[in-house]
Every structure is written in structure tokens, then in C-alpha cells.
Protein chains: 4
Amino acid sequence: MSQSRRGRPRSAAVHEAILNATRTLLVDAGYRGVSMDKVAALAGVAVQTVYRRWPSKAPLVVEAVMQAYASGDFTLPDTGDAIADLTTWMREYAEIGSTAESVALIRSLAAAAAEDLTDRDTLYEQLTGRVHDAVCHRLRVGVSAGQIRDDADVEAATDALIGAMLYRTLSVTASAQETEERYRGVIDALLQGIST
Amino acid sequence: MSQSRRGRPRSAAVHEAILNATRTLLVDAGYRGVSMDKVAALAGVAVQTVYRRWPSKAPLVVEAVMQAYASGDFTLPDTGDAIADLTTWMREYAEIGSTAESVALIRSLAAAAAEDLTDRDTLYEQLTGRVHDAVCHRLRVGVSAGQIRDDADVEAATDALIGAMLYRTLSVTASAQETEERYRGVIDALLQGIST
Amino acid sequence: MSQSRRGRPRSAAVHEAILNATRTLLVDAGYRGVSMDKVAALAGVAVQTVYRRWPSKAPLVVEAVMQAYASGDFTLPDTGDAIADLTTWMREYAEIGSTAESVALIRSLAAAAAEDLTDRDTLYEQLTGRVHDAVCHRLRVGVSAGQIRDDADVEAATDALIGAMLYRTLSVTASAQETEERYRGVIDALLQGIST
Amino acid sequence: MSQSRRGRPRSAAVHEAILNATRTLLVDAGYRGVSMDKVAALAGVAVQTVYRRWPSKAPLVVEAVMQAYASGDFTLPDTGDAIADLTTWMREYAEIGSTAESVALIRSLAAAAAEDLTDRDTLYEQLTGRVHDAVCHRLRVGVSAGQIRDDADVEAATDALIGAMLYRTLSVTASAQETEERYRGVIDALLQGIST
DNA sequence: CCCTAAGCGAGACGGTACGTCACGTCTTCCT
DNA sequence: AGGAAGACGTGACGTACCGTCTCGCTTAGGG
């Protein structure tokens, strides 16, 4: 089946060590503070070994961060109450996004994506896009359940939700509580509307 | 009155040349592709001359991009109709954000902000924060005019509006028309609410 | 009697392929241009297979070059006429040393020897020293035959002969004819003396 | 006169430090043991500073060694007695060539020359060729003085003299005394001839 | 006829050096 | 003083090579 199984196989331990080292450096020194040399040194690995697996810094960072969060399942909860589920989801994210570590990692993803279009697309495909689809899906279920208006622009609403979270994460440093309140406000505004 | 005006005054032409060179490089090669050496060379200027005016790359890029758009006035139009004004503002942004050049510049700002916390704060202070305030202000005027609900979380709504725009700009490459439609959808959802 | 001859025997074809590849690379790219990886690749062989037979680059190069010339017998001709025999021998060398290929190979040996003392000693033992001994021997036979002065410093004369050839080969690029004439001049000078 | 004297001038101290460091490394570790990184580190200088002045290792080594010896004057002594002068010159070289340091440096030159044709030519032009010319010149003066046969092939004799020295230096490790004796033998053989 | 030792291709791996690029500081001369 | 030019220390980049290693497969001789 596996057509080419020749040569010494790549060490899984090395893979982990590199990703761990990358995350450590990201949290400690930010995206700028990560260099292939430092990653290799911290992982106890030769530089070439890093390059053998990742062509450059950005994809390495993307994979390192993704691995930390991506259980692979971005599905939102579905208790039957769309509003409650959205709130739950956002609160969870607010919690995650309130630790300095997580914020550093997420900002690193943004940095990697902003530098290179290819990396951006990879990231969208593997992370952002999936979250987008998951939120859209939950909203559409809400439409079927009669909780969300059937003439609502679900895609646009999703953009507003994810966008607000992205904007807050990248732009300001806030406490978990502030963040959670703001997210609740976003959900309220979006559900009930702000016009008279 | 000018406290010390001795020696040769700084050349305004040099200032412009540097900012222009920076923008050219940003559009052509992205944030990564800009280096102080290249900027100086393209502007026909010595490296030191660049450093005499900007401490590092990020502030230079920020100023170069800001200068291209910011007339310094981020005030939203006020025709008395808050909804129409928001729509107008977003459509304008959609137009700006649909040219490849502009997208490149905006992504450069995001890159600068994501890489370094100091740069992020500078950027927020000079650009993002002002836009945020302008949108908030227009919404509050709308509240006074009875067009926006007085129990609406204006800050949260602003986050949703700006966030959606940021998210779209950074995540996907879309036509001006698509972008405008999506923005209209965001405004509709936010104004009328999506819950039944 | 072979103490242990178990296991798969080493392939003679592989041996030849490696030496051939080494010579090709030497001629094409010089000593610097030879790398164990390239040799292996060109020979269609695994790197490890090269290292199984030669501990490092220098001995490999030495053997590759030696194999091309050394029939293993460095004996000078002995027709009874020492002077004629020396001339014959030098002319032969001049011919060999006038092809670009051969010069490249000889210069490679010099490079290997000059870089590392161990390699130099190996080389002297296997090649230079043998040639030296062969020339000395022929001269001593000439002494016995009454053609060479019996108070001559045979070792010194040998140094002069071999040295002149080495010096010319390493220092200048010359035609076969020029080289042969010069060598003839060296023999003449050394035999008859240059003092009045 | 000096058409371009702009910019910060290159530091002479840096130049010396680099050449000194190169010589130290050559003596301690041989040509192979010299690397641009080590040279820079030992000289207390940035790697780039070394590359700014020398394109690669070989020319740097050539200049470093040349500087140690080349007073620029390779003229042989001229006391009126050609034979005595040649002997004096060779004895001086034998002394120089008997210290481990000098041998290491000379072997480094050979290594540099053997690796690259361009470097070889540079070296010949600046060092070997000059010595050759000086020896030839002294011999020709000897011809005029009636001490050297006027039908002698002066060029060939020079090749034999220099060649013998080169050969001995590169091939064997010997004491100063041995070396001097051998050189004396070379001169004797060449002057008086070895044929009966 | 299997068993065991070695050869062999393939390629991962830790190191070291390479030569280049970028950053931000500095020194020099010229205006 | 401003400005052009360019040297300089620092450090990251991505590549090449060295010599070792770990795989799976092949090729022999020995039980």
C-alpha cells in the first residue's frame, strides 16, 4: 500500500520536540522572536531537520499552533437552543482567549497569515474556514428550528461573530471577564438587532 | 519660537520619497519584502536618513499606509439617517478594499501589528482606535435620533462591524461586488437582528 | 583461512563505479567539487557504501587517481643507458601531464595532501615515495654502470628531478611540447652541471 | 585624485586583526581548520566584515601568508660569487622552512593554490613567479660573470632549484639540518652535474 | 532449507561551515 | 546641523557537506 517506505523513517519524537519548541518560543518571544535556529536549538535538533519537514517559519508556526487546539472538531454544541449554544461557544472562546499564552499563539497565526498568501490560504482551509462552516451550520439548524429568521444572511452573521472575536483578540489586551461581556453584547446585538 | 532650528532643515521631498518607496515595496513584495536598505535605495536616500525619521520598519510602514488613506479625518457621514450613513461608509470601504493594492497595504499593517505588541498599540492608537471611535460616535448619534435602540451595546456593535470587515479583508480574496453585498448583509443582520 | 567470509561479499562493480565517479567529479569540478554525496549519487550507490570502503574523501581521491595511473609498478626503464632512460621517463610523464584531465587529477592529489598531514603521509607512502625510490634506484644503477658520478648526491638529484616536475605541474599551464623541452633542459642541467 | 573617498573608510586595525587570526588558525589547525567563522570570531570581527574584504577562504589565506613573508623584495644576494649566493639563499630558506609555523603556512598556500586555478594564478603572480624571476636573474648575472655556463638552460635550472625546495617542503617533515644538507646537495648536483 | 551475517539503497539525523541578507549604529566627508 | 556613502557588529537565513544512524531488502555461506 505504502508505495515508498524506504530509508530511515522520520522520528515522531523529533516532530513533537520541534513543535513544542516552536510553541514555547512563540509564547515567550512572539512571532518575531521565533527563528529556525532557536527552534532547532531548543528542540535539541539540527537546523536541517527542521527544514526537512517545514519549508519556512510560517507553516511551522501554523502547524505548531493548530496542533495545540485542533482536536479536529470545531462543531458547536447543539442543545436545541441556538442562542444558548452560541453564547456557550463564545464564552468558551473568551476563556481560551483570555490566557496570555493562547493570545500569543493566535496572534502568531495572524502574523504568519499576514505575511504570506499561501500560508493564509492554508490556515483558512485548516482552521478559520472550518470554524466559519461550523458557526454557519449551527445558525442554519437554528433557522430550521424556527429560532433564527429564515431571511437572515447567515454568512454575514457568521462574519460578524468571528470578525468581532478576531478583532478583539488582535487589537486589545483585555481580561477574560471584559472579553466575555463584550462577546455577550455582540450576540445580543446581532440577535435582537440594534435598530428601533 | 521653534526651540532649535539650527543646521540644515530636513527635506520634505526626502520624506515623501521614503514614504512612496515604502508603499511601492509593500505593494510589490509585501511586508516581508520591505527592508530599510531597499526603501533607502529606492528613495535614493541614505539608510541613516530613514532611521533619522523612523525608529524602525513598523512605524514607517504604518505611516506610509496611513498617509495613503487617512486624510486624518475618520468621521462617518451624518446625513441624519444612521442606517444609510453606515451603509455608505461600508460601501466606501468595500471599494477601497477591493483593489489589490489596498489589500496589500492593509495586510501589511496587520502583519506589522501581529508581529510586535508595541507596533500593534501604535497602530491601534493612530488608526484602528480612531475608526472605532468614529463608528461608535455615529451610532450614538443614531441613538439620540431615535434610530438606534437606546439599550443597544454600541461598543459591541462596532466590534461586529469593524471585525467583519477586518475578517473578510484578511481571510479571503473577493471581488468588490461580493464584498459589498456581504457588508450590506452584515449591516442588515446587525440592525434588524437575526432571531425570530 | 580467510578468518570470516560470511555475509554478502562486497560488489566489485560498486567499487569500480565509485572510483570512476570520483575521477569524473575530480576532472569536472576539482578536489573541492568532489563530495561523498555526489560521488555516491553519480555512482548510483548509497553514501554508506562509500564510507564502508573509504574512511573519508582524501583516501578515496588518492585511490581513484592512483588506480588511473599506477599499474603498481613505478620502475624506470633500464636499457643500460641511464641518461636515455631518465629522458624517456620524463618524456612519458610530460605526455601524461599535458592532458587537462591528468593535470586535474594530479592537482587534486596535491590538494588532498596539502590540506591534511595524515593524507599527505598516506599519499607519500603510496605514490610519491615509490616514485622517489624508483628514480633513486635507477640513478644508483647508473652509478654502478659508471654513467653517474659515484660522489653524486643521488637523493638530492632525485629531489631536483621530481621537484621540477611537481613545480611545473602545479604552477603553470603549459603545452606538452613546452613541458617536454623544459624537462629535457632539467635533465641536461642536472647531468652536465651549469657551472663553468 | 581619489575619485571615491565617500563613506566610512575601512579600518586598518580590522584588516590586521583578520590576517593575524587567519595565520594563527593556519598554524594551529592547518588549511582545513580555517573557517571564515572562526577567523571572524578570533579577530573579534563580524563575519560579514571578512567577506567584505575577501571573497572566500583561499585569497584570504594567500594574503595572510604573503604578508608574513613578502617584504616585496625577493632579490637574491649578489656578492659576485653566484654559487655562494645561491647557497646562502637556499640556506636562508631552509632555516625559514624548518620552523613548524612556516611549514604550516607554506603548505596552506599550496592547499589554496591546489583548490582553485584563479587563486593559483594570483599566487604565482605575487609570489612564486617573483621568486622564479629572482633566481633566474641571479643565474644570468652569473653567466655574465663567467661563473655559469652560457649554454645552460637557466629556466630549467631554476625549476630544479625551486622545485626541489617545494617538493621537500610539501612531502616530508625534516629537521633544519637535514633540509640544509639536502639543499646543499641539490646545488652541488646542479652546478657540477652528476654524469661522469 | 532455513538461518545468520554482511552488503546495499534510501534517507533521516546532529553538526559545522558556507555565503547572503537585514537591522540599526557608527564614522567620514560634503553641503 | 542634514545628508550621502558605506563600514561595522549582530544574528537569521537557507543550503551543502560530513559522517553516523536506522530502516527494509538482497545475497551469500553455514548449519
Side-chain angles (χ1 to χ4, degrees), chain A residues 2 4-11 13-15 32-41 43-53 55-57, chain B residues 4-11 14 32-41 43-57, chain C residues 2 4-11 13-14 32-41 43-57, chain D residues 2 4-11 14-15 32-40 44-57:
Chain A
S2 56
S4 69
R5 185 62 63 176
R6 287 191 295 191
R8 178 173 171 177
R10 291 189 178 173
S11 157
V14 160
H15 205 85
R32 278 287 300 272
V34 175
S35 79
M36 299 304 252
D37 283 20
K38 284 185 192 163
V39 166
V45 143
V47 188
Q48 185 61 30
T49 301
V50 181
Y51 280 105
R52 204 172 288 123
R53 292 155 191 254
S56 64
K57 188 166 86 166
Chain B
S4 73
R5 190 59 74 177
R6 294 202 307 173
R8 179 170 169 178
R10 289 187 180 173
S11 158
V14 161
R32 277 288 300 272
V34 175
S35 81
M36 299 304 252
D37 282 20
K38 284 184 193 164
V39 167
V45 144
V47 188
Q48 185 60 29
T49 302
V50 181
Y51 280 104
R52 205 171 285 124
R53 293 152 196 259
W54 293 274
S56 66
K57 187 165 93 167
Chain C
S2 55
S4 73
R5 190 60 70 174
R6 295 206 303 176
R8 179 172 171 178
R10 289 188 180 173
S11 157
V14 160
R32 277 287 300 273
V34 176
S35 81
M36 299 305 251
D37 282 20
K38 284 185 194 164
V39 166
V45 144
V47 188
Q48 184 60 30
T49 301
V50 181
Y51 279 105
R52 204 172 287 123
R53 293 152 194 259
W54 293 275
S56 65
K57 187 166 94 167
Chain D
S2 57
S4 68
R5 187 62 62 177
R6 286 191 296 191
R8 178 174 172 176
R10 291 189 177 171
S11 159
V14 161
H15 206 85
R32 279 285 302 270
V34 175
S35 80
M36 299 303 252
D37 282 20
K38 284 184 192 163
V39 167
V45 143
V47 188
Q48 184 62 31
T49 301
V50 181
Y51 279 106
R52 204 173 286 123
R53 293 156 192 253
W54 293 276
S56 63
K57 188 165 87 167

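Residue numbers begin at 1 in each chain, while the letters A, B, ... track the order of the sequences.
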Checking E/dC23, E/dG15, E/dC18 against the side chain of B/Y51 (C-beta onward), the nearest is E/dC23
Just verifying a value: how many Å separate A/Y51 OH and A/S56 OG, rounded to the nearest 0.5 Å?
8.0 Å
5'-most by nearest nucleotide on DNA chain F - C/P55 or A/S56
A/S56
Give a yes/no on whether any side-chain N or O of B/R52 is located under 4.0 angstrom from OP1 or OP2 of F/dA4.
no
Look at atom CZ of C/R32 and say whether more than 12 heavy atoms of other residues, nucleotides or ligands are closer to it than 6.0 Å.
no
5'-most contact on DNA chain E (nearest-nucleotide basis), B/V47 vs D/M36, goes to D/M36
Between OG of C/S11 and CZ of C/R8, what distance do you get to the nearest 0.5 Å?
7.5 Å
For D/R53, answer base if it contacts any base atom (sugar-phosphate contacts may also be present), sugar-phosphate if it contacts only those atoms, and nothing otherwise; contact means non-hydrogen atoms under 4.0 Å.
sugar-phosphate
Give the rounded distance in Å between these two atoms: CG of C/D37 and P of E/dC13.
16 Å
Any chance the side chains of A/R10 and A/H15 put a donor and an acceptor closer than 3.5 Å?
no
Whole-Å distance between F/dA7 P and D/H15 NE2?
13 Å
Side-chain contact check for A/S35: nearest option of F/dC13, E/dC26, E/dA22 is F/dC13
So C/G33, base contact, sugar-phosphate only, or nothing? Heavy-atom distance under 4.0 Å.
nothing
side-chain N/O C/T49 vs E/dC8 OP1/OP2, d < 4.0 Å
no
Within the modelled atom types, does a donor on one side and an acceptor on the other bring the side chain of A/Q48 and the base of E/dC13 under 3.5 Å apart?
no
Could you please name the option among F/dC17, E/dG19, E/dG14 that lies closest to any side-chain atom of C/K38?
F/dC17
Estimate the overall bend of the helix from E/dC1-F/dG31 to E/dT31-F/dA1 from the end axes over five pairs each, rounded to 10 degrees.
10°
Can you tell me if the side-chain N/O atoms of C/R10 get under 4.0 Å from OP1 or OP2 in E/dG7?
yes
Compare side-chain N and O positions of D/K57 against OP1 and OP2 of E/dC18 and report whether any pair is under 4.0 Å apart.
no
For the residue pair D/A40 and D/V50, what are the closest heavy atoms and their distance?
CB-CG2, 3.9 Å
Donor-acceptor pair under 3.5 Å: do we get one between A/R8's side chain and the base of F/dC21?
yes
In whole Å, I'd like the distance from the CZ atom of D/R32 to the P atom of F/dG19.
7 Å
Flag side-chain contact, heavy atom, 4.5 Å: C/V34 against C/K38
no
Measuring only between side-chain heavy atoms, which start at C-beta, is D/V39 closer than 4.5 Å to D/K57?
no
Once you apply a heavy-atom cut-off of 4.0 Å, does B/V34 come out as touching a base, just sugar-phosphate, or nothing?
sugar-phosphate
Base, sugar-phosphate or nothing for A/V45? Non-hydrogen atoms, less than 4.0 Å.
sugar-phosphate
